[in-house]
Amino acid sequence: MTVLLHPTYFPNIATLACVVQNEVCWEVQDNYQKQTFRNRCHICTDTGRHKLTIPVQHVGGKQGRQKYCDVRVDNAYHWQRQHWRTLQTAYRSSPYFEYFEDDLSYLFEKHFDFLLDFNLASIEFLCNCLPWEMPTQKTKNYQLETQFDKDYRFLVMAKQTVEFDQETYVQVFGDRHGFIPNVSALDLLFNEGTNALFYLQNRNLELFNA
């Protein structure tokens with residue numbers, strides 16, 4: 001089954017479960033929208049659920065909307081350094097952080113001009129760690145009604161709660177905050193390591209089709 005997905009910033013567990021359970025085509029021809037996982041993700045810290053946001057350069061005036069693939073990262077802010085330090089603080093004590101630390105740090109040292117390029121690189125990192133083959137198919141034009149088997153583009157909406165079968169696993173600060181569901185798959189990777197792929201493959205996504 002082929003599904004349509006948005007490439008997001010270190011995608012959440014629901015999105016990455018879709019990746020490992022289906023053939024994927026990435027939606028890259030849509031218009032950029034605020035308040036989505038296109039430029040944000042959630043992780044678990046000592047204060048609970050924490051949002052990491054990539055600053056982007058917004059166009060305005062006569063130019064109006066811009067395509068997702070054309071959105072530039074606002075590198076005037078030292079967001080990469082900030083995000084990397086936050087991840088280190090949050091997951092340094094997790095069981096598997098050190099196994100992936102060197103490869104992950106490279107993403108926060110390399111210069112990226114476009115948001116889409118960074119997002120695809122973040123997904124490729126996760127796929128390599130699982131390990132899983134990175135999907136490469138991309139849309140060539142935008143279509144409101146998809147030709148693919150399933151349209152999972154709704155998963156990009158940051159304010160929409162996704163209900164699905166998510167078995168709990170041990171999180172670093174679970175003793176303080178309880179289990180925090182559907183955060184970035186980084187959280188799963190750092191806490192479950194080599195078991196992360198099995199976990200994703202065995203999630204029931206039928207509620208997505210309800």
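Position 1 is the first residue of the sequence, and the numbers go up from there.
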Measuring from atom [atom1] of [X] to atom [atom2] of [Y], what distance do you get when rounded to the nearest 0.5 angstrom?
| X | Y | atom1 | atom2 | result |
| --- | --- | --- | --- | --- |
| Thr86 | Gln82 | OG1 | CD | 5.5 Å |
| Asn75 | Arg72 | CG | CZ | 10.0 Å |
| Asp165 | Arg203 | CG | CZ | 4.5 Å |
| Cys18 | Met1 | SG | CE | 8.0 Å |
| Thr194 | Leu189 | OG1 | CG | 9.5 Å |
| Gln88 | Ser93 | CD | OG | 12.5 Å |

Is a side-chain donor-acceptor pair under 3.5 Å present for [Y] with [X]?
| X | Y | answer |
| --- | --- | --- |
| Gln29 | Lys140 | no |
| Tyr91 | Asn191 | no |
| Asn31 | Tyr142 | no |
| Asn119 | Ser122 | no |
| Asp187 | Gln171 | yes |

Taking all heavy atoms of [X] and all of [Y], pick out the closest pair and write down the distance.
| X | Y | result |
| --- | --- | --- |
| Asn182 | Gln166 | N-OE1, 2.9 Å |
| Val19 | Pro135 | CG1-CG, 3.8 Å |
| Val73 | Gln57 | O-NE2, 3.3 Å |
| Val172 | Ala90 | CG1-O, 4.0 Å |
| Leu115 | Tyr32 | CD2-CE1, 3.8 Å |
| Met134 | Ile123 | SD-CG2, 3.7 Å |

Which of these, Phe97, Tyr99, Tyr96, sits in a ring-ring contact (aromatic ring centres under 6.0 Å, His included) with Phe190?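 With Phe190 as partner, ring-ring contact (aromatic ring centres under 6.0 Å, His included) holds for just one option, Phe97.
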Linking I/L/V/M/F/W/Y whenever their side-chain heavy atoms sit closer than 4.5 Å, directly or via other members, would [X] and [Y] fall into one cluster?
| X | Y | result |
| --- | --- | --- |
| Val156 | Leu4 | no |
| Phe37 | Phe112 | no |
| Leu120 | Phe125 | yes |
| Leu130 | Phe100 | yes |
| Trp84 | Tyr106 | no |

Working note: Tyr169 + Phe179, criterion ring pair (Phe, Tyr, Trp, His ring centres under 6.0 Å); need CA distance, chi angles, decisive distance, verdict. CA-CA 8 Å; Tyr169 56 87; Phe179 181 71; 5.2 Å; yes
For Ala76, is there any backbone N or O sitting under 3.5 Å from a side-chain donor or acceptor partner on Asp74?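 Flag set: sc Asp74 to bb Ala76 pair under 3.5 Å.
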Looking at Thr139 and Val28, would you say the former's side chain and the latter's main chain have a donor-acceptor pair under 3.5 Å?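 Side chain of Thr139 to backbone of Val28, a donor-acceptor pair under 3.5 Å: yes, one is there.
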Aromatic ring proximity Phe10/His83, centre distance under 6.0 Å: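 Aromatic pair excluded; centres sit 6.0 Å or further apart.
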Inspect the surroundings of CZ in Phe154 and state if more than 12 heavy atoms from other residues, nucleotides or ligands are less than 6.0 Å away.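 Above 12, so yes.
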Please test Phe164 against Ile13 for side-chain contact (heavy atoms from CB on, under 4.5 Å), starting from the C-alpha separation and ending with a verdict. CA-CA 10 Å; Phe164 75 110; Ile13 292 171; 4.1 Å; yes
4.5 Å side-chain heavy-atom contact, [X] and [Y]:
| X | Y | value |
| --- | --- | --- |
| Phe114 | Val71 | no |
| Asp103 | Asn128 | no |
| Phe118 | Gln80 | yes |
| Val183 | Ile43 | no |
| Met157 | Gln35 | no |
| Leu87 | Leu52 | yes |

Would His42 and Asn12 count as a side-chain contact (heavy atoms from CB on, under 4.5 Å) here? Give the steps. CA-CA 8 Å; His42 291 109; Asn12 57 36; over 6 Å; no
With sequence neighbours left out, what residues match Arg153 under salt bridge (charged side-chain N to carboxylate O under 4.0 Å, His left out)?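 Scan of Arg153 (salt bridge (charged side-chain N to carboxylate O under 4.0 Å, His left out), adjacent residues dropped) gives Glu27, Asp151.
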Pairs in or reaching into residues 31-52: which pass salt bridge (charged side-chain N to carboxylate O under 4.0 Å, His left out), with residues at least two apart or in two chains?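 Pairs touching residues 31-52 that pass the test: Asp30-Arg38.
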Testing Val20, Leu200, Leu126 for side-chain contact (heavy atoms from CB on, under 4.5 Å) with Trp132, which one passes?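 The single option meeting the side-chain contact (heavy atoms from CB on, under 4.5 Å) with Trp132 is Val20.
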Evaluate side-chain hydrogen bond (donor to acceptor under 3.5 Å, both in side chains) for Asp102 paired with Ser105, printing each intermediate quantity in order. CA-CA 5 Å; Asp102 289 343; Ser105 65; 5.0 Å; no
